[in-house]
Amino acid sequence: MIPASVIIPLFVVIPLGGAFLISIFGKRFRPLPDMLGNLTTLALLCLSILSVKFMNDYGTLVYYVGSWKPSIGIVMVLDGLTAFMLVTVNLVALAIAVYAINYMEKFTSKWKFYTLFLLMLGGMNGVIITGDIFNLFVFLEIASVASYALVAFGTERHELEAAFKYAVMSTIGSLFILIGIVFLYSYTSTLNMAVMANVLAQKGAGDVGVMVSVLFIMGFGLKAAIVPFHAWLPDAHPAAPAPISAMLSGVLIKSLGVYTLCRIFFNVIGITPAISSILMFLGALSMIVGVILAIGQWDLKRLLAYHSISQIGYVILGIGIGTPLGILAGLFHLFNHSIFKSLLFLDSGAVEYSTDTRDLQKMGGLAQRMPVTSGTSLIASMSIAGIPPFNGFWSKLLIIIAAVQARHYGYASWAVIGSILTLASFTKVMKYAYYGKLREKWNRVKEVPIFMKLGMMMLAFICLVGGILLIASINGVFLSRASDVLLGGVNYATTILRGVH
Amino acid sequence: MSREHDQGMSLIVKTITRLTVGLILLYGIYIISHGHVSPGGGFAGGVIVALSFVHLMLAYGKEAAFKKLSKQAASFFESAGAIIFLTIALLGFAGGYFFFNFLAKGEPFKLFSAGIIPLCNVAIGLKVGAGLFGIFVALVLLKFESEDKK
């Protein structure tokens, strides 16, 4: 019988294979990029749902690449957190690939888009499944480099400028991460995260631990766009084509920033009260600063980009609280945010596709002409603002309850204030863009084509029913398995090294 | 002067290039094929192979270089290198593990040894060589819209 762990490398193989096949044949055979891009993401989504089942049936699965055992070879790991992140990333990727069939028609070389898109997806999946810290860095760079090129995809002046700024800032972040890895490697003489966790537990992290923690907070914080390191995001995310903005804001900052931060601090170095309170403080700061900067914006996509900073703050705050409920709520908000923020960016892309403007002051009354876009946008806005029964409400509620339970009353009230400001800012979006009086020049505006609608409706449906993830039977196999991995802390090492002699 | 001399650098540079470019290419191939027994490998060798074409382009102009390796061919080889690398890894997957070294290992320090590693080096060399040449071409040929308008 084939062991269940054979599905693990497929998460990297399928997108990379798809990417290079498209780059060879996509130029000559025109329908191929669309077909292959969508088939690949569909296959990945099916596999990630299968991975949730396998993870529940067989426990944590470990794959030895090239049959080399840990501390020599690279391992790939499938545990609760991995399965959770894989489902999040590949779900959003599928909706975006469907949306891109129509949206990317206005650019000349669609095959380049799909090649880069699948490379980025392969990089993100790789970051999530790997159990080796240097391998993690390599996949992180694959995803980042592909995203620099995608931000510059329109090759207009401001897009190139944004991409260059993003590339410089993000490379500095990568450099911090690399130096952190170098320090850890020289201290522990291993690159395997499980073995590294064991060595750190035996020798004690000491001063190296402090140094490395600072480097990682800066590096991964830059990737996740937490507040003092957020300056690249409001330029880079609006400049990209809409599907890519959705991908960057929806999942890239989470898989490269938040996931890696959690994995390394909780499972390798081991979380300390100091790091916990730093994370909580930075989370609360991002939450408030992001939303205050967002509220005055008139560029729709820029406004959404600032909200990404704010919502990432909620995720970090939830995880930083560190109680079981806090971590669960943080991860749940991560899932929800990737759904509704991708949807909002796709909606903004749909508006731009039809009206060719992103300026809220020039829009108005579009709900009459574009019912699907405005409907899905309303659902997503209510989700992000935290209105019941949409998914964002449940996760924000849980974060606030967790903060109160842990006696962080200040942070809880900041979370409430942030949520109210978010509501205000999305009321503004809905009023100026979709409701109010229809302007004369938009009388001939048409609703977007079928595949764009389909992609948006998929995500809107998940926004609507997202709350069911909290029902005990679903929560038990999906969300709480992910938070258990983080709560288990450095027991991660024992689980991974179980089969090694 | 014939049309060949219109483009590129002076006669001295061209003569030296004619003498050295083959050696550089050969050295790159040597580094790739001996990657598993001596320092170097697919990446280093691929860079040297790309440099031989860059050298040609600098000395003789872009037409001469494109006659040897066109943009389409470079783009094809780049993707083909990646596909070959992935195929080798997947053949190992069929034999039990991803990247499993399924070929006979042979005797250490001989040219034909180490199973799949030389094959991986060839694939990486193809990818890096064609990719680096492509990057150089992109940097040389890139023109901004504003320049066109002037």
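Treat the numbers as computed from the prediction; the structure is a model and nothing was measured. First the proteins, then the strands, lettered A, B, ... as listed; each starts at 1.
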Original post:
With a 4.5 Å limit on heavy-atom distance, are the side chains of A/Lys27 and B/Phe76 in contact?
Top reply: no
**OP:** Decide if atom CZ of B/Phe136 counts as having more than 12 heavy atoms of other residues, nucleotides or ligands within a radius under 6.0 Å.
**Re:** yes
Original post:
Would the number of heavy atoms belonging to other residues, nucleotides or ligands and lying under 6.0 Å from CZ of A/Phe107 be above 12?
Top reply: yes
Original post:
Does a sphere of radius 6.0 Å around CZ in B/Phe43 hold more than 12 heavy atoms from other residues, nucleotides or ligands, not counting ones at 6.0 Å or beyond?
Top reply: no
Original post:
So which residues of residues 109-138 of chain A are in contact with chain B at a heavy-atom cut-off of under 4.5 Å?
Top reply: none
Subject >> Heavy atoms from other residues, nucleotides or ligands near CZ of B/Phe77 exceed 12 (cutoff 6.0 Å) >> reply: no
Original post:
Is A/Lys106 atom NZ crowded by more than 12 heavy atoms from other residues, nucleotides or ligands, each under 6.0 Å away?
Top reply: yes
Subject >> Within 6.0 angstrom of A/Tyr148 OH, more than 12 heavy atoms from elsewhere >> reply: yes
Original post:
Out of A/Ile22, A/Ile24, A/Leu21, which one pairs with B/Ser79 under the side chain to side chain contact (heavy atoms under 4.5 Å, CB included) rule?
Top reply: A/Ile24
**OP:** Kindly check if the number of other-residue, nucleotide or ligand heavy atoms within 6.0 Å of CG (B/Leu19) is above 12?
**Re:** yes
Original post:
Side chain, backbone, both or neither: which part of B/Ile116 has a heavy atom under 4.5 Å from chain A?
Top reply: neither
